[in-house]
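Some notes on the structure that comes next.
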4 protein chains.
Amino acid sequence: MSIHTPRGDTRARILDVALELFSEQGYEKTSLREIADRLGVTKAALYYHFKTKDDIVRGIVESMSAPIDEAIAWGRERPWSPELRDELVRRFADGMTARSGLLRFFHENQPAVRELNAGALFKERMIAMVQLIQGPESSYQDRVRAVVALLTINAGLFMLQEEPEGHQCPAADRQAAALEVALEIVQRITPEATDGKDAATEV
Amino acid sequence: MSIHTPRGDTRARILDVALELFSEQGYEKTSLREIADRLGVTKAALYYHFKTKDDIVRGIVESMSAPIDEAIAWGRERPWSPELRDELVRRFADGMTARSGLLRFFHENQPAVRELNAGALFKERMIAMVQLIQGPESSYQDRVRAVVALLTINAGLFMLQEEPEGHQCPAADRQAAALEVALEIVQRITPEATDGKDAATEV
Amino acid sequence: MSIHTPRGDTRARILDVALELFSEQGYEKTSLREIADRLGVTKAALYYHFKTKDDIVRGIVESMSAPIDEAIAWGRERPWSPELRDELVRRFADGMTARSGLLRFFHENQPAVRELNAGALFKERMIAMVQLIQGPESSYQDRVRAVVALLTINAGLFMLQEEPEGHQCPAADRQAAALEVALEIVQRITPEATDGKDAATEV
Amino acid sequence: MSIHTPRGDTRARILDVALELFSEQGYEKTSLREIADRLGVTKAALYYHFKTKDDIVRGIVESMSAPIDEAIAWGRERPWSPELRDELVRRFADGMTARSGLLRFFHENQPAVRELNAGALFKERMIAMVQLIQGPESSYQDRVRAVVALLTINAGLFMLQEEPEGHQCPAADRQAAALEVALEIVQRITPEATDGKDAATEV
DNA sequence: CATGAATGAGTCTTCATTCAT
DNA sequence: GATGAATGAAGACTCATTCAT
């Protein structure tokens, strides 16, 4: 169920296949030949549509930024409140669920992403999101909470997958559980209780 | 402050330099020439000590098992209790702080790690750790909490590094904040309260 | 001040831009994409006007034959004399000054020109010119003098350009100086004095 | 009769074969595969000895600079005089005769040489040579004469080769003729007669 | 007249690996 | 313990060229 591929549109198919392979095998290990082969075209065809290999990544990021951008725009128009905070987490989770491939790619290919300058696009968005969630006048601990909450969403999407024994769990359940834990984490974020240490021990 | 290099022996120096470069630039992007150059030896010398590049990774992993193994052994001898749970998180944090390079490498090079089956060794330990922390008869949510808590420790070690504006923060503070948030997260884990949803709203 | 481009017609503009780039960057290093880009058309458009890249070169050569051909025709109608000799050198200089781009291209891209057999056309003309200048019954030295005289004209056009220190010199002066040195050189050519050695020392 | 190849020394053999191919087919048209094939080694072997393709050119230039450097050093120790001037031309001719391959390469591959920054090494030497020959307080015309004299030497080495009809001429004779014409040209260079225009018309 | 899409052959370069010494 | 020399496989990228529209 790819996001791109609206039609026979080669460019979109490239993005699709590339993301698939990048997130499975990693950016470095995925060669343009592989992408081309799987699409039934030549490497040179990829270069007709994208100037370089990392331009493909840029293409993927751009083609997927819409939902996060919306969540950010939506959040910026409203004053911070616990409800806003939770809703942002939920919207993030929704947006990411459909984009888990991209997310996984970003998480698991940090070294490549760091120097890909396509990474910057994505990181900006994450930072904006974190800031909206933590709200104004919050402590560093609150920032950590916000970051970890988003991380938790991600964990639900792909890090909890490979479980042993009887802990196997359908994807939907995993994601639901992750969302709840994420909400649980951000719950501690409150404009008043700025001192994280107290918050951590007061219960 | 390298972990290896107890004596001047080359093998250990290779592991040291390799880990450093792997965690900075990624496994794929780090060539044996680079490692050799930084050590002032030839590529061929590396092959005297390690059969393949993968083998270097395996060497690194083995060299770091000790501290987690100890924490696991320590935990297994004791019955679960909130105090044990917290202590395990703290020990994990301590162990990881000293090995943050390896940790970062593992987190950021999943694709390489996955196919290197060197990851298996490490993953087993992580799973064991998670299990000890979540305790017996716990819910899936508890599992998520345990996983995320360890993730939080890691976040404190290297994911919160690149911050914008005035949010820059010394490493020690970051790690302390992360530890507290991690403890906060596992706090919800209680053998009795198996239903995550209630737990999330009851405070 | 392009040679081609009499009307807005594309074919001529292609020749113009191609010559410019060929003489700046060399034949091999200039891609059709570059030519097309600078013209604001697509590569495929070039193929409407020229069958191959080589064909563009051939087009350029043909478009420049006229002035030398005229000088040659003019020279053939007259009996050799020192005045004719000098006048041929002057006419050559005039003709080349207007085509210095092409000349430079020919001089600096010999390997490409050689295998393009487009060079043949040009070389024939040069040989004819040399022969007219050296006149009948002349020595091999005279031939060398004739060749070097033409070479000197060319040197004035583009080889003396990159000078250090205060030797920088406006193009017009460079060309004037070159012309005079060229005339100086051919002055030694005289049907009678066939022995170069004597000629070289008799002054 | 290659200059390198003192023994089975691969590095030297590479320089040899490379220069041969570069001067025959041009720098751009000569692929590393060709060089490697003709040597019976792999492309990768070339990269063991040279970091890049243009590093090979640098290697060639360096390996051939000795004779010109000697001529320059010799000339710098002496005050200018017509005899010095002529002797420099002769020494240049001698040095170049043995290096005609390199010379041809430089002449015919200007576009490549220009951006190869290996060209700088060579050009510096040529400029120094020109300066020594033209002597102090000389006119711009004198400079042109000096440049053209060296050019004449080069012409004798490879530009007069492809002659039609009965003008074919053994290499040694060609070079001898060229040397004499070159000497003839520099003869006009005299510290006193600084005004080139007079010189050109006074005869 | 011209373009958009694609190809096939080839380029330089890098890398992990090997082996005789 | 280590080096110097070399290899084979592969990688990203470029280019001239083609052709249906």
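Within every chain, numbering begins at 1; the chains are lettered A, B, ... in the order of the sequence lines, protein sequences first and strands thereafter. Only heavy atoms go into these numbers, but all of them, side chains included; no hydrogens, no water, no symmetry mates.
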What is the minimum heavy-atom distance between [X] and [Y], and which atoms define it?
| X | Y | result |
| --- | --- | --- |
| D:Arg13 | D:Leu39 | NH2-O, 3.3 Å |
| A:Ile35 | A:Ala18 | CD1-CB, 3.9 Å |
| A:Leu121 | A:Glu62 | CD1-OE2, 4.0 Å |
| B:Ser23 | B:Gly101 | CB-O, 3.5 Å |

- Earlier contact from the 5' end, DNA chain F, for A:Lys29 and C:Asp54: A:Lys29

- Task: For DNA chain E, list all stems, counting runs of three or more consecutive pairs where every pair is Watson-Crick or G-U wobble with both distances under 3.5 Å.
- Result: E:2-21 with F:2-21

- Message: I need the full list of side chain to side chain donor-acceptor pair (under 3.5 Å) pairs touching residues 36-46 of chain B, with sequence neighbours left out, sorted by first then second residue.
- Response: B:Glu20-B:Arg38, B:Arg33-B:Asp37

- Under a 4.0 Å heavy-atom cutoff, the residues of residues 30-40 of chain C touching DNA chain E are none

In a table with atom names and distances, give each donor-acceptor pair under 3.5 Å that connects a side chain of residues 53-60 of chain B to protein atoms at least two apart or in another chain.
unit_1: B:Lys53; atom_1: NZ; unit_2: B:Tyr27; atom_2: O; d: 2.9
unit_1: B:Lys53; atom_1: NZ; unit_2: B:Thr30; atom_2: O; d: 2.9
unit_1: B:Asp54; atom_1: OD1; unit_2: B:Tyr27; atom_2: OH; d: 2.8
unit_1: B:Arg58; atom_1: NH1; unit_2: B:Leu116; atom_2: O; d: 3.3
unit_1: B:Arg58; atom_1: NH1; unit_2: B:Asn117; atom_2: OD1; d: 3.4

- salt bridge (charged side-chain N to carboxylate O under 4.0 Å, His left out) partners of C:Lys29, counting only residues at least two apart: D:Glu115

- Evaluate the side-chain proximity of A:Glu108 to B:Asn109: yes if any heavy-atom separation is below 4.5 Å, no if none is. no

- Can you list, by residue number, the residues of residues 44-52 of chain C that have a non-hydrogen atom closer than 4.0 angstrom to DNA chain F? C:Ala44, C:Tyr47, C:Thr52

- To the nearest 0.5 Å, what is the distance between NZ (B:Lys51) and CG (B:Leu46)? 15.5 Å

- By side-chain contact (heavy atoms from CB on, under 4.5 Å) - contacts of D:Tyr47 (at least two apart): D:Leu32

- Task: Could you tell me from which nucleotide to which nucleotide of DNA chain E, 5' to 3', there is an atom under 4.0 Å from chain D heavy atoms?
- Result: E:dT11 to E:dC15

- Nearest-nucleotide 5' precedence on DNA chain E, B:Glu28 against D:Lys53: D:Lys53

- Set of residues satisfying side chain to side chain donor-acceptor pair (under 3.5 Å) with respect to C:Glu34, sequence neighbours excluded: C:Gln25

- Query: Which whole-number value in Å describes the distance from A:Lys43 NZ to F:dA10 P?
  - Reply: 12 Å

- Across all chains, not counting sequence neighbours, the ring-ring contact (aromatic ring centres under 6.0 Å, His included) partners of B:Phe122 are B:Phe106

- Task: Taking ring-ring contact (aromatic ring centres under 6.0 Å, His included) as the test, write out the residues that go with C:His107, two or more places apart.
- Result: C:Phe158

